[in-house]
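The structure appears below as structure tokens.
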Amino acid sequence: MCGIIGVVANKESNKLAELVVSCLTRLEYRGYDSVGVASLSNNFLEVRKAKGTVEEVVKKKNIKDMSGFAFLGHTRWATHGPPTDYNAHPHTDCNNEIAVVHNGTIRNFKELRDELQALGHKFKSETDTEVIPHLIEEYMKRGMDAFQAFKSAIKIIQGSYAVLAIIKGEKRIFFARRDNPLIIGVGEDKNFIASDIPSFLPYTKKVIIIGEGELGYITPSSVYIEDEKGNPIDVLSRMQIIDWDASSASKEGYTHFMLKEIHESPIAVKDTISGFLNDMETVKEVAEEIRRANRIIVIAAGTSYHAGLYFSLLLNRKGYTAIPLIASEYYNIKLSKNDIVLAISQSGETLDVKMGIKKFKEEGAKIVSLTNVIESHIARESNYKLYMRAGPEIGVAATKTFTSQLASLLFLYSVIERESVDYLEKAHEVVRNVITETEGLAKKFGEELAKKSNIYYLGRGLGVPLAMEGALKIKEIAYIHAEAYPAGESKHGPIALVEKGFPVVFINYGELDDELEKNLQEMKARFAITYSISVNKKLNFSDFEILVNADERLSALAIAPIIQMIAYYAAVKRGYDPDKPRNLAKTVTVE
């Protein structure tokens, strides 16, 4: 997820450049691939930017030599266009008089770009962001003042955004946000605005949180905010003094990154769906390739494998031959040119997956990749590239990336089946509601399971991959032995271990619930303690149950954050750091 900082002061100085660099350094934890800074003085707007780390770009571009009274800084994590010097933010208009930084995705950027190009605007990057300075420029050409032009540009863009803009002739930084955070820091002789608090924390602890859909501007000594209807906000009533240190603030008040990232799942899903809608041409090409294929091999590892298994079950139910393959077992299958491979990897660098696609390419199969990193190794090796847009994930245990994988694969499945994808536009709201409504119960479940040494996770049908993910999650961060089975298989062996007090977690996907209830009764007859996570239908005899209601097509997205929160709270109860599970790495690049 990109990092944004803006600073506006009374006096022009190159000391502000040093200050902006220090702010950018404190945004590095968010993950990024390029860096840029814009400065504005009375007569001059300058942008210096490049691919690389903050340290590398600051040195290479002599950013500390820049001077001005208003600065924008940005760390970019690529979503539209690969990480390059020209795709780095800030972006400018045709005359280099307006500079913009942006976090989020603009869904209608292609239409806007085409329209602006038809009006004569010249673009210099592949990003969605660049439409914003050109829109502001266009509206100012039509006679609007700077703020009206900025508001008009924000009004016409669709998607998620945190946007800052500086405009030649203005001693203001204009801002707007939707689904991406922006916080104002109120200083003594200067004001700040950033994507999170730690960026400016050494300089002020007076903050104003900008609300959803709000926009406005900061000057060196004032703040103006208005709501979506144009009503001014009483900014003094919003002012608060924080007492966090920089380390805790980087987690935005959450105890761990894992919990923060679970709570970021709604925006991750929303941005992922927006990205797929923007890339419909590729999605349709992939769907056509899958329809024509003899077999679809879905190769992945760990959590990504569970997402791939879920997708494979969806396809197999429609008569396709889809084979889920654990990446490290790639040598067990021989492919032909009539087969297609879907490679799923959060990082795009998982070595087992890379080894598999190398072999399958040599055998003539086409490769489709689904990753969370633009132009990762696996993406580069693929015939077709699909991207999640979950943003960087710092916690080792995959959470928001798993939910985004499920959303991506549901989208692809619907296109393969020539179904409408409209239902996915509300998917992020389902995830958000589930987190809000069930976190207390998930904590209670997790703290109860924390007392146990062994757990079974059981499911049926499409609930099986989620049961497997639930077992994996609690195993990898709470260090509790957990196994997942299709519930019908449990009486063919696993039930031998069940005795009084043995915990069994049932994943009730909302289908085959009568059969699942019979399995639950079998466990209760052996005095097991049963926990259920159910969508739309209760399991009548469960000892403890979390029940959520959701569109049945989105059941997987409703269950995913619950099993993650249960594992998180179990780990915390047992005194472990869920962000850094022992013996595990975020990106596995060894066989």
Side-chain angles (χ1 to χ4, degrees), residues 2-28 32 34-50 52-76 88-93 95-102 133 146-147 150 162-175 182-208 216-224 235 246:
C2 312
I4 286 176
I5 177 68
V7 185
V8 58
N10 277 316
K11 295 181 180 176
E12 183 175 333
S13 168
N14 63 358
K15 289 184 179 177
L16 283 180
E18 289 190 30
L19 185 149
V20 167
V21 169
S22 73
C23 293
L24 284 173
T25 302
R26 281 184 292 279
L27 290 169
E28 286 187 294
Y32 64 100
S34 58
V35 179
V37 172
S39 65
L40 180 64
S41 59
N42 284 322
N43 301 311
F44 192 67
L45 187 151
E46 183 180 18
V47 173
R48 301 185 190 183
K49 59 184 185 177
T53 66
V54 171
E55 184 180 3
E56 289 167 350
V57 176
V58 166
K59 187 176 179 182
K60 180 179 175 184
K61 296 292 182 179
N62 296 317
I63 284 178
K64 289 184 179 177
D65 291 343
M66 297 172 77
S67 184
F69 52 74
F71 279 74
L72 301 182
H74 192 265
T75 52
R76 176 182 186 247
H89 294 215
H91 293 285
T92 59
D93 65 318
N95 299 314
N96 203 41
E97 294 182 345
I98 301 165
V100 167
V101 293
H102 164 227
F147 188 39
F150 177 77
V163 175
L164 302 186
I166 52 176
I167 300 173
K168 188 177 175 184
E170 297 284 337
K171 207 166 192 174
R172 298 185 279 185
I173 296 177
F174 302 96
F175 64 81
L182 274 179
I183 300 104
I184 294 169
V186 180
E188 289 296 323
D189 55 357
K190 62 181 79 67
N191 281 330
F192 302 80
I193 185 165
S195 41
D196 59 21
I197 294 169
S199 179
F200 55 67
L201 195 57
Y203 309 106
T204 180
K205 293 193 172 185
K206 292 181 185 175
V207 304
I208 298 170
Y217 54 81
I218 59 171
T219 74
S221 57
S222 66
V223 173
Y224 175 79
V235 294

Between G36 and L24, which heavy-atom pair has the shortest distance, and what is it?
-> O-CD1, 4.4 Å

Quick one: does L45's side chain get under 4.5 Å of N96's, heavy atoms only?
-> yes

Partners passing ring pair (Phe, Tyr, Trp, His ring centres under 6.0 Å) against H91 (at least two apart in sequence or in another chain) | H89

Where at least one partner belongs to residues 8-20, residue pairs that pass salt bridge (Lys or Arg N to Asp or Glu O under 4.0 Å), sequence neighbours excluded = none

When you measure from the side chain of K49 to the backbone N and O of A88, does any donor-acceptor pair fall under 3.5 Å?
-> yes

When rounded to the nearest 0.5 Å, the distance separating NZ of K64 from CG of L19 is 11.5 Å

Under the side-chain contact (heavy atoms from CB on, under 4.5 Å) rule, collect the residues that match up with A9, sequence neighbours excluded.
-> L16, K190

From CA spacing to verdict: side chain to side chain contact (heavy atoms under 4.5 Å, CB included), Y224, F147 | CA-CA 11 Å; Y224 175 79; F147 188 39; 3.8 Å; yes

Can you name the side-chain hydrogen bond (donor to acceptor under 3.5 Å, both in side chains) partners of T92, sequence neighbours left out?
-> K124

Of all heavy-atom pairs between G6 and L72, which one has the smallest distance, and what is that distance?
-> CA-CD2, 4.2 Å

What's the shortest heavy-atom distance between S22 and Y203, and which atoms?
-> OG-OH, 2.5 Å

What pair of heavy atoms forms the shortest contact from A99 to P90, and how long is it?
-> CB-CB, 4.3 Å

Could you please spell out the steps behind the side chain to side chain contact (heavy atoms under 4.5 Å, CB included) verdict for L182 and L164?
-> CA-CA 10 Å; L182 274 179; L164 302 186; 4.3 Å; yes

Heavy-atom check, side chain of I167 versus side chain of F174, under 4.5 Å = yes

Distance col, row I197:CD1 vs T204:OG1, nearest 0.5 angstrom, shows 10.5 Å

Do the non-hydrogen side-chain atoms of I4 and I193 ever get within less than 4.5 Å of each other?
-> no

Set of side-chain hydrogen bond (donor to acceptor under 3.5 Å, both in side chains) partners for N42, sequence neighbours left out = none

Taking only residues two or more places apart in sequence or in another chain, which ones pass side-chain contact (heavy atoms from CB on, under 4.5 Å) with V186?
-> I184, N191, K206, I208, M239

Determine whether H74 and V35 make a side-chain contact, defined as any pair of heavy atoms from C-beta on separated by less than 4.5 Å.
-> no

OG-CD distance between S39 and E46, expressed to the nearest 0.5 angstrom = 5.0 Å

Those residues at least two apart in sequence (or on a different chain) that pass salt bridge (Lys or Arg N to Asp or Glu O under 4.0 Å) with E170 are R172

Residues in side-chain contact (heavy atoms from CB on, under 4.5 Å) with A194, at least two apart?
-> I5, S199, F200

Listed partners of T219 passing side-chain hydrogen bond (donor to acceptor under 3.5 Å, both in side chains), at least two apart | S222

Counterpart residues, ring pair (Phe, Tyr, Trp, His ring centres under 6.0 Å), relative to F175 (two or more places apart) | none

Could you list the residues that satisfy side-chain contact (heavy atoms from CB on, under 4.5 Å) with N43, not counting sequence neighbours?
-> none

Validation row: D65, N14 side chains within 4.5 angstrom (heavy atoms) = no

Nearest heavy atoms of V20 and G73, plus distance in Å | CG1-CA, 4.2 Å

To the nearest 0.5 Å, tell me how far F71 CZ sits from S41 OG.
-> 9.0 Å

Looking at K60 and A50, what are the two nearest heavy atoms and their distance?
-> NZ-CB, 4.3 Å

Got I63 and V57 here, is their nearest side-chain heavy-atom distance under 4.5 Å?
-> yes

Taking the side chain as every heavy atom from C-beta outward, state whether V54 and L27 have any atom pair closer than 4.5 Å.
-> no

Got M66 and V37 here, is their nearest side-chain heavy-atom distance under 4.5 Å?
-> yes

Name all residues meeting the ring pair (Phe, Tyr, Trp, His ring centres under 6.0 Å) criterion together with F44; count only those two or more places apart in sequence or in a different chain, and write none if there are none.
-> none

